[in-house]
Structure formats: structure tokens, C-alpha cells
Amino acid sequence: MITLQDVISIGIIRRTHYKDLPPFVFVLRDGLLVPFRSENISDLIGEEGFVLRSDVNDEEEGLLTWQDLVGYTVVDEGQEIGIIETVDESTINTLATLTNGRMLPLHEDFITKIDEDAQILRVRLPFAL
């Protein structure tokens, strides 16, 4: 059975152009990932789509996924706030759980820099953690 850890979100499907998609796109239905052929993507408009991680060549593209951030140290304006232990992408709001138990919403608007070599995620949060 395919789980949320096996897939990457491609976002909310807005149009029917499927040229660069792998053969199957998955959507959540009753808590399960259901596959649809990419050529039938028009049936999925308005739903969040997922593709298999194995169908995305991250190394060649230089892409980083939310799951790749596990183990990164999170620094907010110079202050270390924790290390990412897990990432939950099962809801519309992606959340990181830090080793100290704190939860952090992962959103591109909060991230100022990602240092892959040092495994540091620099953020500017609009609130105190």
C-alpha cells in the first residue's frame, strides 16, 4: 500500500495540462491514496495531487522536499529553536516536529535560507515558538 511518505505533493490541481507528469497522479480519498492516470487529470481539478517520490528525480533537478529537511537545525533570526525530527505532509499545512517537541509550520514565506551543507534551515517566524 502506498503511504504519504511514498509521495510528494504537487499542489492543488488547477488545469488539465499533463505533459510533464508521471503516468499516475494520486489523490486522497477517504484517507487512502488513489491513483489516476495523468491523462485523466481533468477529473481531479480542485484536489491536491501527489506523485510517487520514485517518479521525481530530485538529485538531477536539485530539488529539495520537505522530508529532506529532517535532521536540519532550525534557526530563527540567529537563535536556534530545534532540530527537525519529523515532517507531516498529510494535511494542507505541512508541519515539522522538532526534537524538543515544538511544532513548526513549514511554509516558503517563513524560510529565508536553506544551507544544505551545514543542514541549517533559517527562518523568520511571525510569532515566538
Side-chain angles (χ1 to χ4, degrees):
M1 182 165 88
I2 296 172
T3 67
L4 284 171
Q5 283 66 40
D6 300 322
V7 296
I8 297 173
S9 173
I10 58 171
I12 304 297
I13 298 170
R14 301 274 184 226
R15 54 187 154 161
T16 61
H17 179 72
Y18 60 89
K19 178 182 170 195
D20 297 325
L21 290 176
F24 292 95
V25 174
F26 297 82
V27 295
L28 277 173
R29 298 272 170 89
D30 297 324
L32 298 173
L33 286 164
V34 179
F36 287 84
R37 292 196 176 277
S38 293
E39 59 263 18
N40 297 334
I41 200 167
S42 61
D43 298 337
L44 307 176
I45 290 178
E47 296 192 58
E48 183 176 13
F50 299 86
V51 295
L52 290 172
R53 287 183 183 278
S54 59
D55 287 339
V56 177
N57 191 346
D58 291 343
E59 289 180 17
E60 182 177 296
E61 305 253 345
L63 298 175
L64 205 64
T65 67
W66 293 124
Q67 294 298 326
D68 293 332
L69 297 176
V70 171
Y72 276 54
T73 300
V74 181
V75 176
D76 183 16
E77 297 186 14
Q79 181 178 356
E80 184 178 317
I81 58 174
I83 298 172
I84 298 175
E85 184 173 37
T86 61
V87 175
D88 181 4
E89 298 178 79
S90 65
T91 64
I92 196 162
N93 298 313
T94 302
L95 290 173
T97 302
L98 307 180
T99 53
N100 58 16
R102 295 176 175 172
M103 297 185 82
L104 170 73
L106 290 177
H107 194 279
E108 294 168 1
D109 290 347
F110 300 153
I111 298 172
T112 59
K113 183 178 181 184
I114 300 174
D115 184 342
E116 293 182 61
D117 294 331
Q119 289 198 329
I120 295 175
L121 177 67
R122 297 192 184 281
V123 296
R124 181 172 294 126
L125 300 175
F127 52 87
L129 256 182

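Values below: every heavy atom of this structure, side chains too, minus hydrogens, waters and symmetry copies. Residue numbers start at 1 and run along the sequence shown.
Enclosure of atom CD in Glu77 by more than 12 non-hydrogen atoms of other residues, nucleotides or ligands within 6.0 angstrom is indicated.
For the residue pair Thr73 and Glu80, no side-chain donor N or O sits within less than 3.5 Å of a side-chain acceptor on the partner. At a cut-off of 3.5 Å, with distance as the only test, no side-chain donor of Glu89 or Gln5 sits close to an acceptor on the other residue.
Residues Leu4 and Trp66 do not share a hydrophobic cluster, clusters being chains of Ile/Leu/Val/Met/Phe/Trp/Tyr side chains in contact below 4.5 Å. Clustering ILVMFWY residues whenever any of their side-chain heavy atoms sit less than 4.5 angstrom apart, transitively, puts Ile10 in a cluster other than the one holding Phe24. Ile12 and Val51 fall into different hydrophobic clusters, defined by Ile, Leu, Val, Met, Phe, Trp and Tyr side-chain heavy atoms under 4.5 Å apart, directly or through other members. Ile111 and Val70 fall within a single hydrophobic cluster, where Ile, Leu, Val, Met, Phe, Trp and Tyr are joined by side-chain heavy atoms under 4.5 Å apart, directly or via other members. Using a 4.5 Å cut-off between side-chain heavy atoms of Ile, Leu, Val, Met, Phe, Trp and Tyr, with links allowed through other members, Leu125 and Val87 fall into the same hydrophobic cluster.
Listed by first and then second residue, the ring-ring contact (aromatic ring centres under 6.0 Å, His included) pairs that reach into residues 85-123 are His107-Phe110, sequence neighbours excluded.
Closest of all the heavy-atom pairs between Ile84 and Ala96 is CG2-CB, 4.0 Å. Taking both residues in full, the closest heavy atoms of Val27 and Glu48 are given as CG1-O, 3.5 Å, listed atom of the first, atom of the second, then distance. Pairing each heavy atom of Pro22 with each of Asp55, the nearest pair is CB-OD2, 3.4 Å. Scanning both residues, Gly71 and Gln119, for their nearest heavy atoms gives O-OE1, 3.9 Å.
Atoms OG1 and CG, on Thr94 and Leu69 in that order, are 10.5 Å from each other to the nearest 0.5 Å. Between the CG atom in Asn93 and the CG atom in Asp88 there is a gap of 10.0 Å [rounded to 0.5 Å]. In this structure, the separation between CG on Leu104 and CD1 on Ile81 is 5.5 Å, given to the nearest 0.5 Å. To the nearest 0.5 Å, the span separating CG on Asp76 from CZ on Arg124 amounts to 8.5 Å. The distance from the OH atom of Tyr72 to the CD1 atom of Ile120 is 10.0 Å, given to the nearest 0.5 Å. Atom-to-atom distance recorded for Phe50:CZ and Ile13:CD1 is 9.5 Å, nearest 0.5 angstrom.
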* Give the intermediate values and the outcome of side-chain contact (heavy atoms from CB on, under 4.5 Å) for residues Val25 and Leu44. => CA-CA 9 Å; Val25 174; Leu44 307 176; 4.3 Å; yes
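With Leu121 as the partner, the side-chain contact (heavy atoms from CB on, under 4.5 Å) test is satisfied by one option alone out of Asp115, Val75, Thr112, Leu106: Leu106.
Residues satisfying the side chain to side chain contact (heavy atoms under 4.5 Å, CB included) criterion with Ile2, sequence neighbours excluded, are Asp6, Val7, Phe26, Leu33, Leu52.
Hydrophobic cluster of Met1: the remaining members, joined at side-chain heavy-atom separations below 4.5 Å, are Leu32, listed by chain and number.
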